**Q** 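Attaching a single structure in structure tokens format; questions to follow.
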2 protein chains.
Amino acid sequence: MAAVTLQDVAVRAGVSQATASRVLNGSSRIPGEGVADRVRTAARELGYVPNAQAQALARASTGLLGLIVHDIADPYFSSIARGVQAAARTARKQVLLASTERDYDIERESVSTFIAHRADAIVLAGSRQSGHLDRDLEAEFGRYQDNGGRVVVIGQPLAFGSAVEPENHSASGELANALVAAGHTQFAIIGGPGSIRTAVDRRNGFVEALGRCGLTPLVEVSGDFTRDGGFSAARRLAAALQLHPDAGGPPTCVFAVTDVMAIGAIAAWRGLGLQVPRDVCIAGFDDIPTLRDHTPSLSTVALPLEQIGARAIELALCSDIDGLRERVAGQVVLRDSTKLP
Amino acid sequence: MAAVTLQDVAVRAGVSQATASRVLNGSSRIPGEGVADRVRTAARELGYVPNAQAQALARASTGLLGLIVHDIADPYFSSIARGVQAAARTARKQVLLASTERDYDIERESVSTFIAHRADAIVLAGSRQSGHLDRDLEAEFGRYQDNGGRVVVIGQPLAFGSAVEPENHSASGELANALVAAGHTQFAIIGGPGSIRTAVDRRNGFVEALGRCGLTPLVEVSGDFTRDGGFSAARRLAAALQLHPDAGGPPTCVFAVTDVMAIGAIAAWRGLGLQVPRDVCIAGFDDIPTLRDHTPSLSTVALPLEQIGARAIELALCSDIDGLRERVAGQVVLRDSTKLP
DNA sequence: CTGAAAGCGCTTACAG
DNA sequence: CTGAAAGCGCTTACAG
């Protein structure tokens, strides 16, 4: 019933536990080849699998990395998770995953549990209320870091830890400029929750760039950071702008702060008989891989999501620099959804 | 530097370590309220976080669940992962995630590592070579189960452990029937890797049902279980069938064994000037959420992916039944991509 | 109800 | 190079 133990291996090989340990786990002290062989053989014959929990306790390092996302089924986060996985593997670490369903209580719990499991580092993906972090959470993170834990945040710098930050503000500014350069003159916005930093930055970057061109959005609506959030916001927008199929005239260009919301918006409009880009244009943000084959193809700001995830792990693992903010550029990609006749 | 220890809490509360342990972790032996309060206060003041590694060692249970998927960025797997997460949370377990990039060496490594971490259960999602499992892997799993570890497989029953199996064969048969009933008379297949059980079952279920209707696929091609696999297979198919835009006549109806491949196929055909469903029809399998807004909307077999993930965890956690095979039905959904004029 | 003590499975100075 | 022993931070019979 009980798993094979290092002691079992040592006995069978006729050596001490210490020696078995040194053979099986690349210690600097290398035992003689004859002994080493006996130990390895014994381990193989017995099917020995080291107990990582015991190792962690003895070594004071678990080799565990905690990743917290809002929703693992959201392609934005699953792409980041893929990058995290890849980087973790090359660093020979394991990843503990938590998907919070955008519930802050669950998030707090997850952080506590990861700390309890003594994860070497915790990566928080998915931004929250700007700057604000739960008091308890903050205290816990503080102690965690004092004990050598590393924290890295994606997209929402905290007062502590390191961060990988997409350049939301400037990139959506560039998107606005590109759209204006393409001939668009009327704009509207589908924003995200006002409490979420990423949503606010993207909206502001876009609107401010428009302003520098002497333009102002005709309407702004907002919704959740989800497909359904985009869908319902788009209906309100259509009403506000009195959008009609085949109304003629230059279509208004809408900026949705995420691709997923943009997709929901297009679906909503289609339900109203409106065609993109003929009746209304739209651009998103993120460049979600699964959406590359969408029709019409979506103008957006491409973010290297996998790289972002991988980079977060790398920051978490190089212990020398703390408090680092690493900025990641986005790339404007104009496709059919903003094409003017 | 070192984290606060149970001993620290005990000292501050003026009790023994045993008592502190009993207060902080719902033991059946409940200490007096006065004492309990002192302990809790001390723990709070010190910011005590129990060391899960030490607890695991002492309790011989880690509260860890291992999930292994082919690719966490693939919506099929991320949906399953979401269900796994949800079920794990209600069971108060943590999930260890591995994304293998469809590399069997990585998969073997992940299994070993999960076993080393003494995960209470391991869920393998994503089918592999039918029936075949690496010899070493099998031996390792055997010992793991002997030691009380549970293994659950999604979509590919092994010789051991439990399984959650989508009814691939019968569901694709129903899809074929529905398509025939809808008036389709000419069929073709885009299959997956011949070594993968899921791909084979879906293909066979479809072809056999066609056979019962007195029909045979005109052509079969195959590719990887990915968007690109579907893309390139679709080009070969177009050549084989000599598909031309606006050729007239009833369009051939293609069955792609996954939605993701179907999307790739549609993109490939669009590049050739072919329109779905006018020039060629297509149905997929899975009903990926992110693809619900695709144009044309995709006929498919809907699988309750999240439920499947959740169910796998439940099976893993109810220790009484082993070797259980739980079948999950798929539901045929006909949409625009197979619509006849 | 409470405590002293053994034990979970490893690692790692410290001696030899 | 190798081993005896302490220690990592908890839990849990076993006494009291």
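The model shown is predicted, which means the values in this text are computed figures rather than measured ones. Letters A, B, ... mirror the listed sequences (proteins, then strands); counts begin at 1.
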**Q** Under a 4.5 Å cut-off applied to non-hydrogen side-chain atoms, are B:Val23 and B:Arg40 in contact?
**A** yes

**Q** Given D:dT11, C:dC10, C:dT11, identify the nucleotide with an atom nearest to the side chain of B:Gln55.
**A** D:dT11

**Q** Side chain of B:Thr5 only, heavy atoms from C-beta on: which candidate in C:dT12, D:dG9, C:dC10 is closest?
**A** D:dG9

**Q** For B:Gln17, which contact category applies under a 4.0 Å heavy-atom criterion: base, sugar-phosphate, or nothing?
**A** base

**Q** Would you kindly give the CG-to-P distance between A:Leu57 and C:dC8, to the nearest whole Å?
**A** 14 Å

**Q** Looking at every heavy atom in both B:Ala20 and B:Val15, which two are closest together, and how far apart are they?
**A** N-CG2, 4.1 Å

**Q** To the nearest Å, give me how far apart CD (B:Gln53) and C1' (D:dC8) are.
**A** 11 Å

**Q** Would you kindly compare A:Val15 and B:Ala54 by the position of their nearest DNA chain D nucleotide and give the one closer to the 5′ end?
**A** A:Val15

**Q** Examine C:dG3: is either OP1 or OP2 under 4.0 Å from a nitrogen or oxygen in the side chain of B:Thr19? Give yes or no.
**A** yes

**Q** Whom does C:dT2 pair with, Watson-Crick or G-U wobble, provided both distances fall under 3.5 Å?
**A** D:dA15

**Q** Assign A:Ala60 to base, sugar-phosphate, or nothing according to its heavy-atom contacts below 4.0 angstrom with the strands shown.
**A** nothing

**Q** Quickly work out the A:Arg22 CZ to C:dA13 P distance and round it to whole Å.
**A** 11 Å

**Q** How many whole angstroms separate atom CG of B:Leu24 from atom P of D:dT12?
**A** 14 Å

**Q** Whole-Å distance between C:dC8 C1' and A:Leu6 CG?
**A** 14 Å

**Q** Within this structure, what is the CZ-to-P distance between B:Arg38 and C:dG3, rounded to whole angstrom?
**A** 9 Å

**Q** Starting from the 5' end of DNA chain C, give me the residue, B:Ser16 or A:Pro50, whose nearest nucleotide shows up first.
**A** B:Ser16

**Q** Rounded to whole angstrom units, what separation is found between the CG atom of A:Asp37 and the C1' atom of D:dC1?
**A** 15 Å

**Q** Counting N and O atoms only, with roles assigned by atom type, does the side chain of A:Glu101 sit under 3.5 Å from a partner on the main chain of A:Asp71, one being a donor and the other an acceptor?
**A** no

**Q** Rounded to whole Å, please give me the gap between CG in B:Asn51 and C1' in D:dG9.
**A** 6 Å

**Q** Take B:Asp103 and A:Arg89, measure what salt bridge (charged side-chain N to carboxylate O under 4.0 Å, His left out) needs, and give me the verdict at the end.
**A** CA-CA 13 Å; B:Asp103 177 327; A:Arg89 183 181 332 111; over 6 Å; no

**Q** Measuring to OP1 and OP2 of D:dC10, would you say a side-chain N or O of B:Ser21 lies under 4.0 angstrom away?
**A** no

**Q** If I pick the C1' atom on D:dG16 and the same atom on D:dT12, what distance separates them, to the nearest angstrom?
**A** 16 Å

**Q** Spell out, as yes or no, whether a donor-acceptor pair under 3.5 Å connects the side chain of A:Tyr144 to the backbone of A:Ala119.
**A** yes

